[in-house]
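What follows is a short report on a single structure.
Fair warning: this is a prediction, and the values are worked out from it, not measured in the lab. Every heavy atom of this structure was used, including side-chain atoms; hydrogens, water molecules and symmetry mates were not. Read the numbers this way: they start at 1 and go in the same order the structure lists the ligands and their atoms.
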Amino acid sequence: MNNKLTIALTILTVTSLFAFLPQNAHAQDAAETAPVVLEVPDGAKAGPDFDVDNATSAYINLLTEEQRERSNAYFEGGYWLQLWGFLYGIGVAWLLLGTRLSAKMRDLAERFGRWRWLHTFIYGAQYIVIGTLLSFPLTVYQGFFREHKYELATQTFGAWMGDQFKGLLVGLVLGGIVITLIYGVIRKAPKTWWVWGTGVAVAFLVFVQFIFPVYISPLFNDYKALEQGPLRDTIISMARANDIPSDDVYWFDASRQTTRISANVSGAFGTTRISLNDNLLNRTSPEEIESVMAHEMGHYILNHGAKLTMQIGLVLAFGFAFVAWGFNRALNRWGQNWGVRDVGDTAGLPLFAAVLSVFFFVMTPISNSIIRVAEAEADNYGINVSGQPDGFARVAMRLSEYRKISPGALERFIFYDHPSGHDRVHMAMLWKSEHQDSEPPGQ
Ligand SMILES: [Zn+2]
């Protein structure tokens, strides 16, 4: 899409932003339609001839050649977007530093009052706004046009921009706070800041998780307790059986943004809750919903929130150590004219972020593997709780509409933060094979 057209579209739709607000009417209509019935493909039906590989193929073959090409294209395009996003970020940093815009932003911030933390916060706010604006072309392509091209998005441009704007405000507050905290630590402990900085960042991460379901998610979607009915009874019963308080189960109107089905566990300490989205609720069978909810309960019971926070915190410690090592080297080599004093100078934030992004880019396979292992654990926990291998396999097939179904081993290691569709169907069919005797006959 050419730039003039994009700009024209932006102006047109931003001016009509508020015309699109009452959006969720059709989401409620969908709940009125008849429930979806789970269909088990012929080759995957239980019986004396049941074979794990045949059953797996029977599910995999539900995806037409066209659908498979489409989901491969979408997902593989995502690999390239990670590379472009990384390079684009380096370019933005280079621009902010090389033009001395970053130094000017710092000088401007230092004109406000005498407190250094305030200077840092004001610099941080400018950095987030300008960074968001400079990254906007990539954001709008990736988050809006590409999602619509693959029919994954449901929002008008105006409504999408509204969400972007809210996201920016949240980012300003939270980003401003974390930048202020980290720079406070750097100035207090210029040599060992990366150790204390990791502690502060992890504590901040826990705080954000704690407030997220209560103060942030509701800015973008409506969260409601599940309505009375057989489905709610099943889910609540599963929750009770797994020691999860029943008032920790919610649903939300994701259909205002996306056609994707999903559910999640969010929160920390007293705010932890399991939420499923209305696409899952309205467009899939009860067996599928049960299998997804059981997976989410697995995350909850296995305490993945705390464990992942610690594991990612450890990766972050290495990342900060890398910045502590690389910042001055990069500054001495390229930064004579940037007007950046040292690592404790906020004008160096674009360099700080760029060096950290190099680390996380290289660490992509490690971060993805940490998450993928937890996801596989939740899969195993979930299938034991729900006892719905076919529901689980069906969901895996639905998710494969936008996640490449059969990646190579290296591809999976680098890019997958969940088990692939193929691996999930295979796991479910293996479970089914080992539990054949306890299945109701004729299924
Ligand atoms: Zn999960």
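- Residue Glu375: an N/O/S atom is found under 2.8 Å from the Zn ion (ligand 1).
- For Glu375 and His295, the side-chain atoms include at least one donor-acceptor pair closer than 3.5 Å.
- Residue side and main chain included, His304 places no N/O/S atom under 2.8 Å of the Zn ion (ligand 1).
- You'll find the ring centres of Trp193 and Phe320 inside the 6.0 Å limit.
- Less than 6.0 angstrom separates the ring centroid of Tyr79 from the ring centroid of Phe415.
- Vertex the Zn ion (ligand 1); arms to His299 NE2 and His295 NE2; angle rounded to 10 degrees, 100°.
- Residue pairs meeting the salt bridge (charged side-chain N to carboxylate O under 4.0 Å, His left out) criterion with at least one partner in residues 418-428, sequence neighbours excluded, are Asp379-Arg424, Arg412-Asp423.
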